[in-house]
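As the structure is a prediction and not an experimental result, all values here were calculated from the model. Positions are given from 1, in the same order as the sequence printed here.
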Amino acid sequence: MQMELIGSRVDVLDKGFIELQDLLPHPASGISGDSAIVSAARVSFMGESKGDDKDKRLLFYLLRNHHTSPFEMVEFKFRIRAPLITWWQWVRHRTFHFQSANAQSGRYTPFDENDFYVPDVWRRQSSSNKQASDGVIEPEVDAALSAKLVDYYDRGYALYEEALQAGVAKEMARLFLPGFSVYYTWVVKTDAHNLMNFLRLRMAPDAQYEIRVYAQAMYEHFFKPALPWTAEAFEQYVLGLGDGPEGAAT
């Protein structure tokens, strides 16, 4: 099952996706991510597995008591395609390894005509939170705004192509493109501990929708299948959902 995760892709938003490129420990090693976490916790006294029941109790103990370094022994490497409004929220998470990330560059490759995010619905500004939305715009206004947005994209892209055909460098021609809506693709990695911090913040109801759907897809399609015990403990002790095994460090 975990072997099938590597290389799998989940579509997000209208043109985006998340793809798992690699996982440490690699499924071919025969060592599960949860087992690697438990082994890392026991290495200080050279302990080994004591069976699923005791191993799971130890993992739950670790997360419940904030012993987080063993969770850094598991790493995920993702390829992500998302609009710039999502990208800028993502890079705020400094514990995502953006120092080793590789991103698409508009200096080297031209943008495609459909490389722009078109929302399914226009949300209203929240009256109680300056940085949040609440509810949706009326259907007739929604349709009119979407039509104007697409027209804006078309006109900007036509000017972008005109500049390229005139011999303008790609790094300057892209000034004609609507910046916040352009889709970018990047490769980035993180460990399970820091990924849980990202998921805790970005799956929250008050997170912006455009990044929340990426976090939810990442959790449901990659994190939970790769680390079922850790996900169960995460839901209980971090998200406050459900019950799990109690236990002491062993």
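- Looking at Phe222 and Val10, their side chains come closer than 4.5 Å, going by heavy atoms from C-beta outward.
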Next item on the list: Could you walk me through whether Gln208 and Ile85 pass side-chain contact (heavy atoms from CB on, under 4.5 Å), step by step?
Entry: CA-CA 10 Å; Gln208 184 172 325; Ile85 55 171; 3.9 Å; yes
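- Looking only at atom types and distance, the side chain of Asn194 has a donor-acceptor partner in the side chain of Asp191 under 3.5 Å away.
- We find that Arg212 and Asp206 are not joined by a salt bridge, their nearest charged nitrogen and carboxylate oxygen being 4.0 Å or further apart.
- One hydrophobic cluster, built from ILVMFWY side chains closer than 4.5 Å, holds both Leu239 and Leu62.
- The number of heavy atoms from other shown groups lying within 6.0 Å of NZ (Lys77) does not exceed 12.
- Checked for salt-bridge contact, Lys56 and Glu232 meet the test: a charged N lies under 4.0 Å from a carboxylate O.
- Atom CZ of Phe116 is separated from atom CG of Leu84 by 11.5 Å, given to the nearest 0.5 angstrom.
- Between Asp55 and Arg42 a salt bridge is recorded (basic side-chain N to carboxylate O distance below 4.0 Å).
- In this pair, Trp90 and Trp186 present their aromatic rings perpendicular. The plane angle is above 60°, beyond the 30 to 60° band.
- In summary, Arg124 and Glu138 engage in a salt bridge, as defined by a charged side-chain N under 4.0 Å from a carboxylate O.
- Atom CG of Asp151 sits in a crowded spot, with more than 12 heavy atoms from other residues, nucleotides or ligands closer than 6.0 Å.
- Side-chain contact annotation: Arg81 with Tyr183, donor-acceptor N/O pair under 3.5 Å absent.
- A single hydrophobic cluster is not seen to contain both Leu24 and Ile31; linkage of ILVMFWY side chains at heavy-atom distances under 4.5 Å, directly or through other members, places them apart.
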Note to self: Determine whether Trp122 and Leu149 satisfy the following criterion, side-chain contact (heavy atoms from CB on, under 4.5 Å), listing intermediate values before the conclusion.
What the structure shows: CA-CA 11 Å; Trp122 291 86; Leu149 182 65; 3.8 Å; yes
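- Between atom CE of residue Met196 and atom CE of residue Met203 there is a gap of 11.0 Å, rounded to the nearest 0.5 Å.
- Using a 4.5 Å heavy-atom threshold, the side chains of Pro70 and Val38 count as separate.
- Phe180 and Tyr184 end up in the same hydrophobic cluster when Ile, Leu, Val, Met, Phe, Trp and Tyr side chains are linked at under 4.5 Å.
- To the nearest 0.5 Å, atom CD of residue Glu235 and atom CG of residue Leu199 are 11.0 Å apart.
- A distance of 12.5 Å separates CZ of Arg79 from CD1 of Ile18, quoted to the nearest 0.5 Å.
- Centroid-to-centroid, the aromatic rings of Phe176 and Tyr157 stay 6.0 Å apart or farther.
- In this structure, CG on Leu20 lies 6.0 Å from CG on Leu5, to the nearest 0.5 angstrom.
- Under the 4.5 Å side-chain heavy-atom criterion for grouping Ile, Leu, Val, Met, Phe, Trp and Tyr, Met172 is not connected to Leu177 through any hydrophobic cluster.
- Contact check on Glu210 versus Arg202 returns no salt bridge, with no Lys/Arg side-chain nitrogen under 4.0 Å from an Asp/Glu carboxylate oxygen.
- Between Phe223 and Phe76, the ring planes are parallel. Angles under 30° get that label, and only those over 60° would be called perpendicular.
- For the atom pair Leu58 CG and Ile37 CD1, the distance stands at 10.5 Å (nearest 0.5 Å).
- In this structure, a donor-acceptor pair under 3.5 Å is absent between the side chains of Ser133 and Tyr209.
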